[in-house]
2 protein chains.
Amino acid sequence: MLVVEDEPALLTLLRYNLEHEGFEVGEAVDGEDALLMIEERIPDLVLLDWMLPTLSGMEVCRQIRRNTEAGNLPVIMLTARGEESDRVRGLDCGADDYVVKPFSPNELMARIRAVLRRLRPALSANVLEFGDLVMDLAAHRVSRADGAIHLGPTEFRLLKHLLEHPRRVFSREQLLDAVWGPDVFLETRTVDVHVRRLRQALNKGGGADLIRTVRAAGYALDPEKS
Amino acid sequence: MLVVEDEPALLTLLRYNLEHEGFEVGEAVDGEDALLMIEERIPDLVLLDWMLPTLSGMEVCRQIRRNTEAGNLPVIMLTARGEESDRVRGLDCGADDYVVKPFSPNELMARIRAVLRRLRPALSANVLEFGDLVMDLAAHRVSRADGAIHLGPTEFRLLKHLLEHPRRVFSREQLLDAVWGPDVFLETRTVDVHVRRLRQALNKGGGADLIRTVRAAGYALDPEKS
DNA sequence: TGCCTTTCACAAACCTGTTATGGAAGGCCG
DNA sequence: CGGCCTTCCATAACAGGTTTGTGAAAGGCA
């Protein structure tokens, strides 16, 4: 979290409240400073005063949006100007929210939470991860260590189920129930074959085997050797 | 865009402004009505009055967040209550923004644009882009790598929907609902044919195929090989 | 008529469940 | 401790089935 504010008293107040909520707080005192810090390390969110030395908050916001790396970084504008035309301009220049001074710390925190809640699910709600393995449910894609992996429908469902319960061992019967459905009647060995195909696909890139075979019990997603 | 508001005058005002900005507007007059309409077809955004018959806006908002399908639907609360504790509660129950009556239409529109820009960059612009593909909604034109592309009405709507949710996989049923409307009764294979024509048109210039087929799942706009 | 949409039929691509075989792991007994 | 045996698992190949691509034909609508 980066706070860009040139008034020391307000900066202190903000830092106090933010740290109290568990955020790591970085500070910048003018617009150029802020852009440099963002360049160096992209924060989770930027609190941006409207009136700043060197570069106005609005200009900083525009430059953030123009930058591809940090382009969708959440920005909350902080300002003494409460007039409507300013508010419209603030939002239209790309800020995600706009808080008018004087504000109550509680309201600001609520707005920060709201903005973050909006951002996080968009990035992670439909994604399952395990180690370097990533499954994007919405895009129906699996990748590992930046390499895309192609899976057939059954292997996809199988991996999804394993990812939803990492490290847990499932018997072949449990996997048949969970992945194929409760009404199918298949050889339990069939599971072996699909596990093999899944392993083959997952390890194509050369990583360690992520599926552990538990003799006489079943399989689990778990990279550890024994 | 769904407007949930029990005061007819305000509803009319909102509809006028929203349609003027190019949104399709649906209406609901109480909370239960709203939830039903959302169930049936998920809108791009919900404008939600705080005080409603049958179910309060806050309760509606909570239920929306609880629903997995519509869980990250953008919600803007609309309310006469300007007190801080209410604002905090409103935001914390999951609303993405909170506008106090009386509000100016301009500010509301700016906030809507801000929220949409965050969640669905696609919907706030008049131009949809994906890679070298460009769709101009206003001019109803599509082009790729500087070559104009002619599409029939259905292919246009199909591509528009895919562009609004890039990389996401849609089943044939979902596409029929979203592109043809919720009440049509067509063969799911009809989608294949339109996808094929869309592909043909898009690839005429020789570019890579932008539509990914996901076996047993559907189609997605996504250029990577898989 | 001309364009667009929908359906159909067939072919191609791909996926799936099964089986056969060989190898590994663990237990039992001398 | 070592050898043998049993049980379990990994692998490969295959035949059949399902899903998708494709071309064409029939029907609608302006």
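Each chain gets a letter, A, B and so on, in the order the sequences are listed, and its residues count up from 1. What you are looking at is a predicted structure, and each value in this text was computed from that prediction instead of being measured.
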Value in whole Å for how far the C1' atom of D:dG21 lies from CD of B:Gln200: 11 Å
Spacing between A:Asp192 atom CG and C:dT21 atom P, to the nearest angstrom: 18 Å
Gap separating the CD1 atom of B:Ile76 from the SG atom of B:Cys61, nearest 0.5 angstrom: 11.5 Å
Candidate nucleotides C:dG17, C:dC15, C:dA25, ranked by approach to the side chain of A:Arg197 - the nearest: C:dG17
Options D:dG21, C:dT7, C:dT5, nucleotide nearest the side-chain atoms of B:Leu186: C:dT7
Presence of B:Thr190 side-chain N/O under 4.0 Å of C:dT5 phosphate oxygens OP1/OP2: no
Ring-ring centroid check B:Trp180 B:His161, cutoff 6.0 Å: no
Out of C:dT19, D:dG21, C:dC8, whichever nucleotide has its closest atom nearest the side chain of B:Val193: C:dC8
Short side-chain N/O contact from A:His150 to OP1 or OP2 of C:dC15, under 4.0 Å: yes
Base D:dT7 to side chain A:Arg215, donor-acceptor N/O within 3.5 Å cut-off: yes
Nearest-angstrom distance from the residue atom CG of A:Leu198 to P of C:dT16: 12 Å
Residue met sooner reading DNA chain D from 5', once B:Arg196 and A:Val195 are mapped to nucleotides: A:Val195
Interatomic distance where CG belongs to A:Leu151 and P belongs to C:dT16 [whole Å]: 10 Å
Distance below 4.0 Å between B:Tyr219 side-chain N/O and D:dT19 OP1 or OP2: no
Nearest listed nucleotide, side chain of A:His194, among C:dT18, C:dT16, C:dC8: C:dT16
Distance test, side-chain N/O of B:Arg189 to OP1/OP2 of C:dT7, below 4.0 Å: no
Smallest separation among heavy atoms of B:Glu32 and B:Thr54, with atom names: N-OG1, 3.4 Å
Closest to the B:Arg172 side chain, choosing from D:dT20, C:dT5, C:dT7: D:dT20
Heavy-atom neighbours of B:Glu24 CD exceed 12 at 6.0 Å: no
C:dG17 OP1/OP2 closer than 4.0 Å to side-chain N/O of A:Trp180: yes
Atom pair distance, as rounded to whole Å: CG in B:Asp209 and P in C:dA13: 16 Å
Test item: B:Glu107 side-chain N/O and B:Ser104 main-chain N/O as donor-acceptor pair under 3.5 Å: no
Length of the CD-C1' vector between A:Glu187 and C:dT16, whole Å: 13 Å
Sugar-phosphate only, base, or nothing, as touched by A:Val214 at under 4.0 Å among non-hydrogen atoms: sugar-phosphate
Candidate nucleotides D:dG21, D:dG23, C:dT18, ranked by approach to the side chain of B:Thr213 - the nearest: D:dG21
Between D:dT11 (P) and A:Arg199 (CZ): distance, integer Å: 7 Å
